[in-house]
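Structure record follows, encoded as structure tokens.
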Amino acid sequence: MLPDLAGLRGGAAILPELVLTGTVFAVLVLDLALRRSARRGRVLLLVTCLGLAAAATAIAGVSAGAQPLFYGMLVADGFALFVKGVVIAAAVVGAILAALSPEIRRDQLGEYLILLVCLTLGMCLLAGARNLLMLYLALELVSLPSYILAGFRHGDRRSSEAALKYVVFGAAASGLMLFGFSLLYGLAGTLDLPGIGAAVVARGLQGGLDAQLLVVVAVLLSLAGFAYKVAAVPFHMWCPDVYEGAPTPFVAFLSVAPKAAGFAALLRFFLSGFGAPLGFPAPGEFPWPFVLGVLAMATMTVGNLAAITQDNVKRLLAYSSIAHAGYLLMAVAVGSPLAIRGVLLYLPIYLLMNMGAFLVVMAVHDATGSETVDGFRGLGARAPYLAVVMAVFLFSLTGIPPLAGFIGKFFLFAAALQTKSMFFYAVAVVGVVNSVISLYYYARIVRACFLEKPADAQAPVRVGSPAAALLGALAVPTLVLGIWWGPLLGVVEKALLLPR
Amino acid sequence: MDFSTTSTLLTWMIFTPLIGAGAILVLLALRPLLRQALLDNLARAIGVACTAVVTGQGLILWGGFRGADGALQFVHRLVWIKQWSIEYFVGVDGLSISMVLLTAAVFLVAAIASVPWWGRLDDAHHPHFSKKKVPGYWILFLLLETGVLGTFCALDFFLFYIFWEVMLLPMYFLIGIWGAPPRVEANGRVRGGPYAAIKFFLYTLAGSVLMLLAMIAIYHNSGPSTLADGTASPHSFNVMALTQMFRDGTFAGASPIFGLAFAQAMFLALFIGFSIKVPMFPFHTWLPDAHVDAPTPISVILAGILLKTGMYGMLRFNLQMLSPAMVWAAWGIGILGVINIVYGAFVCMAQKDLKKLIAYSSVSHMGFCLLGFAALTPQALTGCVFQMFSHGIISPMLFLIAGVIYDRAHTREINGFGGLAERLPEYTGITGLAFMASLGLPGLAGFVGEVLVFLGGFGAADQGFRVLVAVSAIAVVITAAYYLWTMQRMFLGKLNEKWAGLWDMNWRERLTLYPLAAATVILGVYPAPIFNLINSSLHQVLSVVSVTLHAGR
């Protein structure tokens, strides 16, 4: 007897993932075939970018729908497709960054790109996962290549240390998460997220204190894995060390794409698992918005306060990325349609400004060998273009209009205030106070660029034209989206239009 | 209420400087083709020309403004972001017109003060800011003008906020790069341009993020409105519509925040944001640092215009939009205003640095604005707005005067001078005029605002204001004391031989100081032109407030 194949339909919906898988193989084969060719690096980069572009085109072609695919493993709704788009865009920038950076040896570029595309594939699956098993597998597919890429600077002790720390933290977090998942499975008897939600509501919450406690423990444990992925307190400790030690092109990618995918998975875990929108709990239910809100406040405060004293720019940006995870977590805690819109809008904006900032860090490091704030001294005179775009990215990260970062933050705070609840008013106040604190350390770099003279007479910093072009491609939208963000909002709203 | 587009003049005014900044950017792109000196001079010419054009547009605006009308005029309105009912909505009424005109004029003066033309400049040993990174200076200068004009004209809350923040970034760089270089003070602290710049930035950003939260909260609680293209929207950022909604009680049902009624919580958040800019005690500490370490034209703009954006915000939002809460808070604001006046005056007595003295005198004089604002009588409010205007022409004079002596002597130590009148008679005369105007001598502009605030404050519904007025009247004596004492120490007595080589004013300085001096005298004798612009709008606002005032009694 043939098995029921109805559940396998929907291959068209995973076309982007298929294209990515094909790209992995293509790069693998070409890397071997072109072993002796001088053009190997360029060809591999070209093929990778073409593959990613094809995957992006495939996303545009997928008709979004909320129906579950492959026996409920995946879903290709607008939300998932949007996140996939952001992730693939980040991968394109990440691939170009790797090709531009001397930190990635030419003969290893192929390996790097293969792992990068694997990682991207994992994130695409993560964005669409609606089953705990799928979610876990996708998460591991993101994690494993990340460990390797973090230690990609062979022979560099800091890079190896970063990789090791990343692995140890990652293993601990995913162990906790898996334990949480197993408890949820035991409670609900299914790994299907909406099924779990229904079961938990039906059984767990009305089943007395023990069952409630079990649900709380299970969800808290599961939260550990997500918190690790998005670098939220208290699982943020790996972040500064990994960012400092890992090769900069990878850090640029790591700071954006896995965070985006992690937030997508977190949102889906809470919203489809436990009923959307969360709102404030009825008596007897566990106050998840409260827990997430407190986590958000802790994350942004820890990130911002720790960033103040950093001298290494990569560590500084690591703490800044923790702070940004805090702002996003605030919106996840709210969980309203506006909050989801805010998160989705924030991701591409964050991609532009954060990857842009890392690209400048990379260019300065390549030219001066320095990754400290002092290394930026006098950059305004030595490389005016670099310094000006860096100022744009940093002030955008602060959230100062008319730059795109302001629009991102505006939506997150608008979502928090829309609840009209006292708790979220307080969270929003903590959030804006944090924004002011963040200005201090972002402005330290700007100050070093423009307001301070270089310690000794130094030659101008030269930027290659590909890097300059890429910087422009990231900086111009950062400026334009701050003033004209209607179209981007339109795309986000279209993505969320379909029933989820 | 229907506000449809009647004129694009304001839009041209706001964005003319931006076009100039863009032109300088184009010049920068052509850098390889031009000699550095030519590039610098072209940038300066574009800067001065743009500010002059804006001043011209300001005169057209003045000519076309019907003061007796009291309503919004020169409205330009279109939809910007439809999903959030955000509009591009600019217009002027009596609350803003005087500030728009002042901005145009003061920026022109500051632009003239930013060029090394038309007069001797001794920069052999002390590089002058006007010769440093010239194109960058002018790009930021023009961007700042766009921000300020936009802030005064914007009538959409979101647009207002954007312009408000656009003022910050250029100011940060203008103080930080072109201001005083870092120095270590006697107590080991590092001060100077970079320190002052980030302090200014952090203080004002702290205020404006509170404003951001208030803006979003008001939006979410607002009722439906109609956009410029006729579509209906569930909420509104339109300041005029929001004002109407607050009067109609749309927000009465909004849940209280941290124990305060919704309107009161919004009032406080906005008020703190604006009062940092004014600056009001205890948020004033950024001001002496920023004013002292900024280059002269930027101090002129800071004192002349930027402080007024805070006061204007209070008039537009705290008074006009949130009038019931205004009645609730008036007494507290009055007390803080008096603290500003008295404390600022006493601190001035202790200053040794001329520029710092002038900076603190701004704190004192803005206190009169706050007191007049809080008294809520027609005279006091007129006095408040007139004081904004008169301080906006007198304090630039004072900072230009400090710049004149600093450019020559490279010090501003009051006690280090003496007998300058002998060597610099013209400079002494104009300084005397500015000091007298600032201390409130009758016949000069500074007197009119103060006396109206006192008169209005005495007639306030709340008898307690009489005490406040009495206390602040005493501070006027202190003001006279510190100005006269400074005059004596710097200009009278025996000439300090160290300064025998100083020379009197040059044409650049005359071009900036004489027009302001003339305005001070004319408005001191005949203040009616300003009254005609502002009065009817102020009366309309007050008529609403007084309904609440008497209803509450």
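Each chain gets a letter, A, B and so on, in the order its sequence line appears, and its residues count up from 1.
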Practice problem: Decide yes or no for B:Leu213 and A:Leu417: does some side-chain heavy atom of the first lie under 4.5 Å from some side-chain heavy atom of the second? | Solution: yes

Quiz prompt | Note, B:Ile216 side chain near A:Phe411 side chain (heavy atom, < 4.5 Å) | solution =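 Of all side-chain heavy-atom pairs linking A:Phe411 with B:Ile216, none is under 4.5 Å.
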
Ignoring hydrogens, what is the shortest heavy-atom contact between [X] and [Y]? Give both atom names and the distance.
| X | Y | answer |
| --- | --- | --- |
| A:Val436 | B:Leu202 | O-CD2, 3.4 Å |
| A:Pro402 | B:Val166 | CD-CG2, 3.9 Å |
| B:Ile162 | A:Pro401 | CD1-CB, 3.5 Å |
| B:Gln83 | A:Gly490 | NE2-N, 3.7 Å |

At a 4.5 Å cut-off on heavy atoms, which part of [X] comes close to chain A: side chain, backbone, both, or neither?
| X | result |
| --- | --- |
| B:Lys133 | side chain |
| B:Phe173 | side chain |
| B:Pro256 | backbone |
| B:Leu205 | both |
| B:Leu168 | neither |
| B:Trp164 | neither |

Quick one: [atom1] on [X] to [atom2] on [Y], what's the gap to the nearest 0.5 Å?
| X | Y | atom1 | atom2 | result |
| --- | --- | --- | --- | --- |
| A:Met422 | B:Ile257 | CE | CD1 | 6.5 Å |
| B:Ile175 | A:Leu451 | CD1 | CG | 10.0 Å |
| A:Glu452 | B:Ile177 | CD | CD1 | 11.5 Å |

Quiz item: Backbone N or O of A:Ala414 within a donor-acceptor pair of the B:His220 side chain at under 3.5 Å?
Solution: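 Yes, B:His220 side chain to A:Ala414 backbone: donor-acceptor pair under 3.5 Å.
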
Given that the side chain runs from C-beta out, which part of [X] has a heavy atom under 4.5 Å from chain B: side chain, backbone, both or neither?
| X | result |
| --- | --- |
| A:Phe395 | side chain |
| A:Tyr385 | neither |
| A:Ala426 | both |
| A:Ile483 | both |
| A:Phe410 | both |

Self-check item: Sub-6.0 Å ring centroid separation between B:Tyr172 and A:Phe450
Solution: no

Self-check item: Aromatic ring proximity, centroids under 6.0 angstrom, A:Tyr440 and B:Phe201
Solution: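 No, too far apart.
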
Practice problem: Sort out for me which of B:Ile81, B:Leu210, B:Val209 touches chain A most, counting heavy-atom pairs under 4.5 Å. | Solution: B:Ile81

Quiz prompt | Within 6.0 angstrom of B:Arg183 CZ, more than 12 heavy atoms from elsewhere | solution = yes

